Amino acid sequence: MGIIEKMRLDGKKIFVTGGARGIGKSVATAFCEAGADVAIVDLDFEEAEKTAAELEKNHGIQAIAIKADVTNPEDVDSMITKILSAFGRLDVAFCNAGICMNIPAEDMTYEQWKKVIDINLTGVFLTAQAAGKVMLKQGGGSIINTASMSAHIVNVPQPQCSYNASKAGVIQLTKSLAVEWATRNVRVNCISPGYIGTELTLNSPSLQPLIEQWNQMAPLGRMGRPEELQSICVYLAGDTSSFTTGADFVVDGAFTCI
Ligand code: NDP
């Protein structure tokens, strides 16, 4: 079998949090193109259902929609129950849901700080932990977390200290889980995207005026597109990445090099 065939994901069962739109939807699409069945997990159930229906129609795989708040342990437990009852197993988890708040550190309330840390860091822990428990029992699996280039640099000019701290936490959490579970065949990696054109960035009125500035700073002179994160995630989900664990993949058009 050639390398491209080996990278396919036929029959793998995958969940994607924040899968209804943006990076999650794009990567879920790639998983389906590669032959996997997916659970689209999101707060926005209506949008998750639309995405799942579109994936089933276009790719002839099984796609289900699940409403869950990744910060709520009961939601995460029930998400796993639904996935196991639909698919019978879980091979890959893409723990991707996240938000950003641009607020000067001195003005940030406790609630605002906690919301970002809860979704971006605790949410990744809860969903990766739940996936890990299933995968350890099964004898293996692959977990991919979404960190950010903001784990490596401090973005300017917008103030986003809670986001930057949460994403740095995701990288160290990823490495910690990778080491704990390495001998039991559960791999844990993360991706660190640069600015990517999604609702998070393009539809935020406060960020609109900044996009031109970011593009001027960017070595490639532009933001990334969600589909430019697809192939790294398909690689990490599949069996050809069997020696890859505890790694962080920066996909940022060299933004963090400057
Ligand atoms: P989007 O805002 O386009 O999509 C995020 C999705 O996550 C939304 O559907 C949202 O639902 C869902 N979500 C938010 N909170 C929760 C929650 N508590 N439980 C379940 N689902 C939730 O964002 P992106 O696709 O741009 O971002 C995806 C990930 O990539 C995030 O972790 C982000 O930090 C990271 N990232 C993004 C970059 C970018 O430039 N876009 C750069 C680097 C990293 P709802 O609409 O209901 O809120």
Side-chain angles (χ1 to χ4, degrees), residues 15-30 39-52 65-76 78-79 93-102 114-128 130 144-155 158 160 162-171 173-174 190-204 206-208 210-211 214-215 217-218 220 222-230 232-233 248-253 255-256:
F15 77 68
V16 177
T17 70
R21 66 179 203 210
I23 292 169
K25 180 178 177 181
S26 180
V27 169
T29 303
I40 300 297
V41 180
D42 211 284
L43 268 184
D44 185 342
F45 185 58
E46 216 175 288
E47 208 51 36
E49 276 191 309
K50 269 195 231 159
T51 298
I66 298 174
K67 181 178 172 65
D69 178 345
V70 296
T71 68
N72 180 334
E74 285 168 16
D75 277 15
V76 173
S78 113
M79 169 191 88
F94 184 33
C95 306
N96 164 75
I99 62 163
C100 186
M101 284 189 195
N102 299 124
K114 194 163 157 11
K115 185 165 182 188
V116 173
I117 300 296
D118 278 354
I119 296 176
N120 292 8
L121 181 55
T122 309
V124 169
F125 172 68
L126 291 175
T127 45
I144 308 161
N145 299 324
T146 302
S148 170
M149 73 169 174
S150 309
H152 299 267
I153 56 157
V154 174
N155 304 62
Q158 71 280 15
Q160 49 175 64
S162 57
Y163 185 83
N164 300 345
S166 71
K167 294 298 187 176
V170 169
I171 294 183
L173 171 64
T174 297
C190 59
I191 57 168
S192 279
Y195 291 116
I196 305 290
T198 66
E199 288 194 34
L200 186 94
T201 45
L202 302 179
N203 285 2
S204 158
S206 64
L207 297 183
Q208 279 309 305
L210 303 182
I211 291 176
W214 299 339
N215 288 346
M217 293 163 76
L220 284 186
R222 65 168 176 88
M223 298 171 84
R225 296 182 288 272
E227 58 273 22
E228 291 178 303
L229 300 169
Q230 289 178 327
I232 186 67
C233 293
D248 170 46
F249 292 83
V250 179
V251 184
D252 69 346
F255 201 102
T256 52

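Computed from a predicted structure; not experimentally measured. Just follow the structure's listing: the first ligand is 1, and inside any ligand the first atom is 1.
Among all heavy-atom pairs drawn from V16 and A28, the shortest one is CG2-CB, 4.0 Å.
Legend: residues meeting ring pair (Phe, Tyr, Trp, His ring centres under 6.0 Å) with Y163, ordered by chain and number and at least two apart, are absent. By the side-chain hydrogen bond (donor to acceptor under 3.5 Å, both in side chains) test, D42 is found to be paired with no residue, residues two or more places apart in sequence or in another chain being considered.
With rounding to the nearest 0.5 Å, the separation of CZ in F45 from CD1 in I40 is 11.5 Å.
Of all atoms in ligand 1, listed by their number and element, those nearer than 4.0 Å to a heavy atom of G18 are 6 (C), 7 (O), 12 (C). The S148 neighbourhood of ligand 1 comprises atoms 43 (C), 44 (C), with distances under 4.0 Å to a heavy atom of that residue. Listed by atom number, the atoms of ligand 1 under 4.0 Å from Y163 heavy atoms are 33 (C), 34 (O), 35 (C), 36 (N), 37 (C), 43 (C), 44 (C). With ligand atoms numbered from 1 in the order given, ligand 1 contributes 3 (O), 25 (O) to contacts under 4.0 Å with heavy atoms of G22. Of all atoms in ligand 1, listed by their number and element, those nearer than 4.0 Å to a heavy atom of D69 are 17 (C), 18 (N), 19 (N).
When hydrogens are left out, the protein atom nearest atom 45 (P) of ligand 1 is D42 OD1, 4.0 Å; that is the closest non-hydrogen contact. Here the protein heavy atom with the shortest distance to atom 22 (C) of ligand 1 is A97 CB, 3.7 Å. Scanning all protein heavy atoms for the shortest distance to atom 29 (C) of ligand 1 gives N96 O, 3.1 Å. Among protein heavy atoms, the minimum distance from atom 5 (C) of ligand 1 is reached at G98 O, 4.1 Å. Among all non-hydrogen protein atoms, the one lying nearest atom 17 (C) of ligand 1 is L43 CG, 3.6 Å. Looking from atom 23 (O) of ligand 1 to the surrounding protein, the closest heavy atom is L200 CB, 3.5 Å. With respect to atom 14 (C) of ligand 1, the closest heavy atom belonging to the protein is I99 CG2, 4.0 Å. Of the protein's non-hydrogen atoms, the one nearest atom 24 (P) of ligand 1 is T198 OG1, 3.6 Å.
Polar contact with ligand 1: absent for N120 (N/O pair, distance under 3.5 Å). Residue contacts with ligand 1: Y195 is placed with no nitrogen or oxygen under 3.5 Å of a nitrogen or oxygen of the ligand (distance criterion only). Checking only distances, V70 does come within under 3.5 Å of ligand 1, N or O to N or O.
Heavy atoms of K167 found under 4.0 angstrom from ligand 1 belong exclusively to the side chain. With a 4.0 Å cut-off on non-hydrogen atoms, A68 touches ligand 1 through its backbone and not its side chain.
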Evaluation steps, side chain to side chain contact (heavy atoms under 4.5 Å, CB included), between V70 and L126: CA-CA 7 Å; V70 296; L126 291 175; over 6 Å; no
D248 and H152: CA distance, side-chain angles, deciding distance, side-chain hydrogen bond (donor to acceptor under 3.5 Å, both in side chains) verdict: CA-CA 11 Å; D248 170 46; H152 299 267; 2.7 Å; yes
Working for side chain to side chain contact (heavy atoms under 4.5 Å, CB included), residues I211 and L202: CA-CA 8 Å; I211 291 176; L202 302 179; 3.9 Å; yes
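More than 12 heavy-atom neighbours from other residues, nucleotides or ligands sit within 6.0 angstrom of CD on Q208.
By the 4.0 Å N-to-carboxylate-O rule, E47 lies too far from R21 to be salt-bridged with it. Of the charged side-chain nitrogens involved, at least one lies within less than 4.0 Å of a carboxylate oxygen, so that E228 and R222 count as a salt-bridged pair.
Here the shortest heavy-atom distance to atom 35 (C) of ligand 1, taken over T146, I191, V251, belongs to T146. When the heavy atoms of E199, K67, R21 are ranked by distance to atom 2 (O) of ligand 1, first place goes to R21. The residue from V16, D44, I23, V116 that puts a heavy atom closest to atom 27 (O) of ligand 1 is I23. Distances from atom 41 (N) of ligand 1 to the heavy atoms of V27, I196, N155 put I196 nearest.
The shell of residues lying under 4.0 angstrom from ligand 1, judged by heavy atoms, includes A147. G194 counts as a contact of ligand 1, since one of its heavy atoms falls under 4.0 Å from the ligand.
Judged by distance alone, with hydrogens and angles left aside, the side-chain atoms of K25 form no donor-acceptor pair with the main-chain N or O of G19 at under 3.5 Å. Not a single donor-acceptor pair under 3.5 Å links the side chain of E199 to the backbone N or O of G22.
Put simply, the residue from N120, T174, T17 that forms a side chain to side chain donor-acceptor pair (under 3.5 Å) with N145 is T174.
Aromatic ring orientation, W214 versus Y195: parallel (interplanar angle below 30°, classes split at 30° and 60°).
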